[in-house]
Each structure stands twice: as structure tokens, then as C-alpha cells.
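Keep in mind that the numbers below use all heavy atoms, side chains included, and drop hydrogens, waters and symmetry copies. Small disclaimer: the values here were computed from a predicted structure and weren't measured.
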Amino acid sequence: MRSIICFFFVLNLCQAQIKISSWNLKNFGKSKTLSEIEFIAETLKHVDIIAIQEVVAGSGGAQAVAQLAAELNRKGNSWDYVVSAPTKSAPYKSERYAYLWKTNQVKIVARPFLDIHFTDLIEREPYLIQFQYKKNAFTLINFHAIPKRQQPEREIKFLKHFPEKYESTHLIFLGDFNCPESHSVFNPLKKMGYLPAFTNQKTSLRQKCIANDCLASEYDNFLLHPKYIKLIRSEVIHFYQSFENMTQARLLSDHIPLIIEIDF
């Protein structure tokens, strides 16, 4: 009897962990076929929360997210989703963000929103959402920085102000920073205790593989504070290995999805 009790206790601990994925899905909208959306759902069906960058600003972006949610629902769990309004940048640069989540795992605490504090300084302002798992509340900050050639550190440097502005909740920064975590621009957050979930991990796809090396740059990541949120595991999914070549894979995305598993 004692061994049975211990088994269920351990099982309970395992179930207390939350899996979060971040994926830049490259112009996620009408250009994505139903088979591509099904592939994305199959790839991420095992996580609890999905954060997406680069959702098309037009109506086709929101429709694609709705199709993804419907496909995830067909995989055996109940999912809900939100899509941000278009970011405030110039129309040809404006995008949306999206979150999808399993409703039996987490609940929304407050209405998600695009941060307005640095709208004039950040082209695609971060999209925040606060979730609750049992008694634990945490906020995701979904961010897509400007491209490397435009010096994304000019935007990233403002993230250091977010812990003070949202001090009542535990923050997790995530997304496509177009910048490696080793860059000094992340030092202020690191000094506050926020640590990257991935180090020396390339996340963008090459045009062609070179000696089986198919990844180009360290762009995507998570940053979280270990005092409040425990990182259990981090992993990447080399989805491009399911395609015949990199040209086909890059039609889906030029980034790989990242996944973290956390506990409180």
C-alpha cells in the first residue's frame, strides 16, 4: 500500500510541471496550408502553453491561429487561444503575437495586452499574458525584436525595466530576440537573477545544411528567475528533419521551436 501511495505522490509531482513552447512561425497566416498547421499541432500537442511570434497582422493571421487551436483540440485535449492586436509599428512591419494553452492545465488571470510603456522605442511591443496554475501565477512576455542588422539590442535594453513595472508577478521572457543571450544587453536582467534557459543553442535555420549543421544563429530563448520558477528541462525540436530539404522546411518556419518545463 505504501508503494502505491508513493507512486501517486510522484505522479502528482510530475503533473505539477508546466511545459511552455516558443516558436517564430514565419508569416503565420493565409500562406500556411492545412497540412502545415496539422504538422505544427502534432509537433506541439504535448506542451501546455504555446507562444507564437510573427503572426500576420491581417485577418489571415488570427484565422490561422484559430485553425491551429481547432487542430490541437482534435488531438485529445481542450485548448483555448488569444491573438494580440497588430503591433504599433509601420504597417509593413506590424505583426501579431498569439498564445494557445490547455484549459485543464492553466487559467488566464487577467486579459492579455501589448505593453505600451515603450511603444515609441520598440517596433513590435511585447505581448503579456498572466496564467495561473493552482496557486502559482506567472506572466509570459512574448517578444519579437527587430532584425540583427537593425541592432535588436536597441530594443532589448528596455526589458530590464519590466521586473519593476510588473513586480507583483513572476516573469518569463521569451521569444525571438534576434540576439544571443551572451550579448551584454542581457546583463542587467542577469544581474537581477534572470537566467537564460538555453546557452550556445542556435535556433534559426540555414538556407542549406553544412556538414549536417542546419542551424545558423542563437536568436530564440527564455529568461526566467530560478528563485521563483524552477527550470526542470529545456529542449529544442529539429522539425526540419521531417522535411525532404531545407527549402521545404523553411516554408513552415526559419526557426525551430523551443520548449521549457518548469515547476514552482
Side-chain angles (χ1 to χ4, degrees), residues 19-47 50-58 60-61 64-65 67-68 71 89 92-98 123-124 142-156 173-186 196-223 233-260:
K19 291 183 178 180
I20 307 172
S21 174
S22 175
W23 199 354
N24 178 329
L25 278 171
K26 188 185 178 183
N27 297 321
F28 191 59
K30 292 180 179 179
S31 65
K32 294 294 186 276
T33 66
L34 289 177
S35 62
E36 287 174 328
I37 289 176
E38 195 281 333
F39 178 88
I40 295 167
E42 184 65 25
T43 301
L44 297 181
K45 67 180 182 181
H46 65 293
V47 307
I50 301 169
I52 301 175
Q53 303 88 45
E54 211 167 301
V55 177
V56 171
V65 176
Q67 289 177 332
L68 177 57
E71 190 60 44
S89 52
Y92 62 94
K93 295 181 180 179
S94 183
E95 299 174 1
R96 298 177 189 265
Y97 297 93
E123 281 194 1
R124 296 178 290 241
N142 195 355
F143 181 47
H144 185 196
I146 54 178
K148 183 178 181 180
R149 65 181 180 276
Q150 296 180 22
Q151 298 179 315
E153 58 269 22
R154 294 190 295 113
E155 295 186 336
I156 296 170
F173 299 88
L174 61 89
D176 176 8
F177 300 97
N178 279 310
C179 187
E181 59 79 23
S182 57
H183 195 288
S184 61
V185 72
F186 290 104
F198 299 85
T199 56
N200 301 316
Q201 175 61 63
K202 296 178 179 179
T203 60
S204 65
L205 270 60
R206 293 182 183 273
Q207 296 286 344
K208 293 183 179 180
C209 298
I210 301 175
N212 294 322
D213 182 6
C214 302
L215 299 178
S217 302
E218 301 173 36
Y219 284 165
D220 308 80
N221 218 320
F222 290 80
L223 289 100
R233 190 166 61 95
S234 57
E235 66 172 311
V236 299
I237 299 178
H238 298 277
F239 80 92
Y240 54 87
Q241 295 174 348
S242 299
F243 292 78
E244 290 186 6
N245 53 59
M246 293 297 281
T247 299
Q248 289 186 2
R250 287 173 61 89
L251 291 176
L252 180 71
S253 179
D254 52 357
H255 291 249
I256 57 174
L258 278 59
I259 298 172
I260 62 169

With side chains defined as the heavy atoms from C-beta onward, is the minimum distance between [X] and [Y] less than 4.5 Å?
{"X": "N27", "Y": "E54", "value": "yes"}
{"X": "L174", "Y": "Q53", "value": "yes"}
{"X": "K45", "Y": "E71", "value": "no"}
{"X": "F143", "Y": "E155", "value": "yes"}
{"X": "I260", "Y": "F198", "value": "yes"}
{"X": "I237", "Y": "I256", "value": "no"}

Q. Can you name the residues that form a side chain to side chain donor-acceptor pair (under 3.5 Å) with K93, not counting sequence neighbours?
A.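 Only E123 meet the side chain to side chain donor-acceptor pair (under 3.5 Å) criterion with K93.
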[X] [atom1] to [Y] [atom2] distance, which is reported to the nearest 0.5 Å:
{"X": "N221", "Y": "S22", "atom1": "CG", "atom2": "OG", "result": "9.0 Å"}
{"X": "L44", "Y": "I20", "atom1": "CG", "atom2": "CD1", "result": "13.0 Å"}
{"X": "L25", "Y": "I50", "atom1": "CG", "atom2": "CD1", "result": "9.0 Å"}
{"X": "Y240", "Y": "T247", "atom1": "OH", "atom2": "OG1", "result": "14.5 Å"}
{"X": "H183", "Y": "E218", "atom1": "NE2", "atom2": "CD", "result": "12.5 Å"}

Using every non-hydrogen atom in the two residues, find where [X] and [Y] come nearest and quote the distance to one decimal.
{"X": "Y97", "Y": "R124", "result": "OH-O, 2.9 Å"}
{"X": "D254", "Y": "R250", "result": "CB-NH1, 3.8 Å"}
{"X": "I52", "Y": "N142", "result": "O-ND2, 3.1 Å"}
{"X": "A145", "Y": "N178", "result": "O-ND2, 3.0 Å"}
{"X": "L68", "Y": "I37", "result": "CA-CG2, 3.6 Å"}
{"X": "I146", "Y": "P152", "result": "O-CB, 3.3 Å"}

Keeping [X] on the side-chain end and [Y] on the backbone end, is there a donor-acceptor pair under 3.5 Å?
{"X": "S217", "Y": "S204", "result": "no"}
{"X": "Q150", "Y": "P147", "result": "no"}
{"X": "Y219", "Y": "K148", "result": "no"}
{"X": "N24", "Y": "S253", "result": "no"}
{"X": "K32", "Y": "K26", "result": "yes"}
{"X": "T203", "Y": "D220", "result": "yes"}

Q) Would you say the ring centroid of F173 lies under 6.0 angstrom from that of F186? A)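 Centroid separation for F173 and F186: 6.0 Å or greater.
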Q | Proximity of W23 and F28 rings by center, below 6.0 Å | A |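 No - the distance between ring centres of W23 and F28 does not fall below the 6.0 Å cut-off.
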Q) Just checking, is any N or O donor in the side chain of E181 or T199 under 3.5 Å from an acceptor N or O on the other one? A)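 No, because no side-chain N or O of E181 sits under 3.5 Å from a partner of the opposite role on T199.
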Q: Over 60° means perpendicular and under 30° means parallel, so classify the ring planes of F243 and F39, tilted if in between.
A: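 F39 vs F243 ring planes: perpendicular.
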Q. Which is it for M246 and L205 under the side-chain contact (heavy atoms from CB on, under 4.5 Å) test, yes or no, and what are the steps along the way?
A. CA-CA 8 Å; M246 293 297 281; L205 270 60; 3.6 Å; yes
Quick one: side chains of residues 207-215, donor-acceptor pairs under 3.5 Å with protein atoms, not counting sequence neighbours, listed by atom name and distance.
{"unit_1": "D213", "atom_1": "OD1", "unit_2": "L215", "atom_2": "N", "d": "3.4"}
{"unit_1": "D213", "atom_1": "OD2", "unit_2": "R206", "atom_2": "NH2", "d": "3.2"}

**Q.** E244 atom CD, over 12 foreign heavy atoms within 6.0 Å
**A.**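 Open: at most 12 neighbouring heavy atoms sit under 6.0 Å from CD of E244.
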